[in-house]
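Please read the structure below before turning to the comments.
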Protein chains: 2
Amino acid sequence: MSLPQAAARYLQVKDFILERIAGGTLRAGERVPSENELTRTLTVSRMTANRALRELAADGVLVRVAGVGTFVAEQRVHAHPLEVRNIADEIRSRGHEYRVKVLALESVSASRELAERCGVKMGAQLDYSLLTHFADAAPLQVEERYVNPQVAPGYLRNDFSRTTPHEFLIRVAPLQRAEHIVRALVPERRIRRLLRLEPGEACLLIMRRTFSHGRIASVADLYHPGSRYELAANCQPR
Amino acid sequence: MSLPQAAARYLQVKDFILERIAGGTLRAGERVPSENELTRTLTVSRMTANRALRELAADGVLVRVAGVGTFVAEQRVHAHPLEVRNIADEIRSRGHEYRVKVLALESVSASRELAERCGVKMGAQLDYSLLTHFADAAPLQVEERYVNPQVAPGYLRNDFSRTTPHEFLIRVAPLQRAEHIVRALVPERRIRRLLRLEPGEACLLIMRRTFSHGRIASVADLYHPGSRYELAANCQPR
DNA sequence: ACCCTGGACCTGTATAGACAACTAGCTCCC
DNA sequence: GGGAGCTAGTTGTCTATACAGGTCCAGGGT
């Protein structure tokens, strides 16, 4: 029986910055408040502000120049092999119209199983979303996602019609590593209906965990209709 | 005209740890000196030691457990993204007995469709094999493969009980590049029976093309039972 | 017109001290 | 014998303070 532990102050500072970037108040190239300004406005010590800015810089979110200031980094493209690409781009690049439907968007308390998968304690709050991505009129992906707000804050306030979860996460919690497990299955009824699967149609499930700041930023189950989706991957051995 | 700037002390501490890991003094799972120990032995402040260990943990080199200590992280497997590993090794490494059954092994004439997929002219001769790979008694992969004898000769004479197609091809036609397409489906009856699928069970299909000497060496369809097989892939962006 | 020097402000680093939360092991008491 | 509670050690965080070095600009001297 304990009060929800207040987030560490350096995390609050990071959130302060990340929210302003995600919300558009701070744009690429712009100057973010200096350590001393943060010390005054957020009443934290300079070392705490320093840690926040330093970690954001290490993650590539900010760029720091000694003697000058700290700036929002230019957006960098994260195209690495087997990156499951942004579903919106993927759909648009094939000449279809992209549309997303938000079926759920809320904060949930982690069950034991979920907590283990997300690397948090049981009962911790996680941001949850359930989306369907459409190519023209046909559903192409059901995305069920849990986001750790400690790592990627502000997820629930994202406007998914403009920014896909993928895009949001890349911006807010720079991708360090991703883990994929791919399975084929005939899914439960809920997913079948959302994907409008034919009876007996299979489904490609990609279970994805993304890491940022050395922690799990997000856990996603991506369901795709077997008849209309395939995953391509190229390997260049070295 | 300045003396070579001494490295920051937290960097010296990081090096101290990294050198001991590289040199074998510290092995995976072993405990590294605590912050207080480093404070004493290296005469740095605890915050400096803390920063060094914290950053190494963020990089995945160390694992820290509050109240317990700091440990060298277990070696991360650096599997090539979506490299489909040798199925025999994969089965054996999970503690199962590997067995293969050769269902067909012959030379065939390429149909129009097949010729296109294999990058040869219609009617060209291709080596064909149909194998089932077993883990203990259960089929884990049905492998249907076409090999271009111009690129990888001698395929039909291979002893598959000793050398998997994968191993053979790697030896005969050095792998230059691989192309994968992954699909989920409920397969045709022939595959269902070979994989002993439950009614309505899905199947993970990996369609693989390997390139050698700039040409397509082999085209393979790898069918896996959805309930007993999953594909793992990790991405380390750089 | 040019230089150059100070000061203001910034990041980068280092330290000492403090408190919290957690863990493992020990002791003590029942 | 076993459970409760204490304790030492560990990580995690926060603060106040200090100094070094980089950058930029304004103002003054040449």
Side-chain angles (χ1 to χ4, degrees), chain A residues 1-17 26 29-73 115 119-124 148 150-151 153 213-215, chain B residues 1-17 26 29-73:
Chain A
M1 247 11 264
S2 62
L3 286 176
Q5 188 61 257
R9 309 201 67 171
Y10 79 92
L11 288 176
Q12 293 176 27
V13 177
K14 289 177 78 168
D15 290 353
F16 177 85
I17 303 291
L26 281 173
E30 286 184 3
R31 190 158 177 281
V32 312
S34 75
E35 295 178 2
N36 283 320
E37 285 166 358
L38 290 173
T39 293
R40 285 191 293 273
T41 63
L42 301 184
T43 40
V44 296
S45 75
R46 204 196 127 208
M47 281 304 292
T48 301
N50 174 272
R51 177 170 176 185
L53 296 184
R54 174 159 38 87
E55 290 190 0
L56 288 175
D59 291 335
V61 177
L62 303 179
V63 174
R64 314 199 74 191
V65 183
V68 182
T70 305
F71 305 88
V72 180
V120 299
K121 286 182 192 161
M122 190 173 135
N148 185 344
Q150 304 276 317
V151 180
H213 314 153
R215 296 198 289 170
Chain B
M1 269 327 288
S2 62
L3 286 175
Q5 189 61 259
R9 310 200 67 169
Y10 79 92
L11 290 176
Q12 293 177 28
V13 177
K14 288 177 78 168
D15 288 349
F16 176 85
I17 303 291
L26 282 173
E30 284 183 5
R31 191 159 176 283
V32 313
S34 74
E35 294 178 2
N36 284 321
E37 286 167 358
L38 291 172
T39 293
R40 286 191 292 273
T41 61
L42 302 185
T43 40
V44 296
S45 75
R46 204 196 127 206
M47 281 303 291
T48 301
N50 174 274
R51 177 169 178 185
L53 295 184
R54 176 158 37 87
E55 290 190 0
L56 288 174
D59 291 338
V61 176
L62 303 178
V63 174
R64 314 199 74 190
V65 183
V68 181
T70 306
F71 306 88
V72 180

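Chain naming here is simple, since letters A, B, ... match the order of the sequence lines and numbering starts at 1 in each. What you see is a predicted model; the values in this text were computed from it and never measured.
Following rounding to the nearest Å, A:Arg40 (CZ) and D:dT15 (C1') show an atom-to-atom distance of 17 Å. Remark: C1' of D:dG12 and CD of B:Glu55 are 15 Å apart, rounded to the nearest angstrom. For B:Phe71 and D:dT10, the CZ to C1' distance is 9 Å, given to the nearest whole Å. In this structure, the CD atom of A:Glu35 is 20 Å from the P atom of C:dA8, given to the nearest Å. At whole-Å resolution of the value, NZ in B:Lys14 and P in C:dT13 are 10 Å apart. The CD-P distance, from A:Gln12 to D:dT13, rounds to 12 Å in whole Å. Note: CE (B:Met47) to P (C:dA18) measures 15 Å, nearest angstrom. For B:Glu37 and D:dA8, the CD to C1' distance is 13 Å, given to the nearest whole Å.
Side-chain proximity of A:Ala66 to the nucleotides D:dT17, C:dC22, C:dT11 is greatest for C:dT11. Listed candidates were C:dT13, C:dT15, D:dT15. Nearest to the side chain of B:Val44 is C:dT15. Nearest to the side-chain atoms of A:Ala8 among the listed nucleotides D:dT13, C:dC10, D:dT15 stands D:dT13.
Between B:Glu35 and B:Arg54 no salt bridge is recorded (no basic side-chain N to carboxylate O distance below 4.0 Å).
For the pairing with B:Arg64, the side chain to side chain contact (heavy atoms under 4.5 Å, CB included) check across B:Asn50, B:Leu56, B:Val32 returns one residue only, B:Asn50.
Within the structure, a side-chain polar atom (N or O) of B:Ser34 is placed less than 4.0 Å from OP1 or OP2 of D:dT10. OP1 or OP2 of C:dT11 has at least one side-chain nitrogen or oxygen of A:Arg64 nearer than 4.0 Å. Applying the 4.0 Å criterion to OP1 and OP2 of D:dT10, one finds that B:Thr70 has every side-chain N and O outside that range. Between B:Thr48 and the phosphate of C:dT13, there is no side-chain N or O to OP1/OP2 separation shorter than 4.0 Å. Close to C:dC10, at under 4.0 Å from its OP1 or OP2, lies a side-chain N or O of A:Asn36.
Both A:Tyr10 and A:Arg46 sit near DNA chain D, but only A:Tyr10 has its closest nucleotide nearer the 5' end. When each of A:Arg51 and A:Gly67 is assigned the nucleotide of DNA chain D with its nearest heavy atom, A:Arg51 is the one assigned upstream, toward the 5' end.
When side chains are defined from C-beta on, B:Leu53 counts as touching B:Leu38, because their heavy atoms get closer than 4.5 Å.
Side chain of A:Glu30 to main chain of A:Val72: no donor-acceptor pair is present (N/O by atom type, distance under 3.5 Å, no hydrogens or angles). B:Gln12 places a side-chain N or O within 3.5 Å of a backbone atom of B:Ala7 that can act as its donor or acceptor partner.
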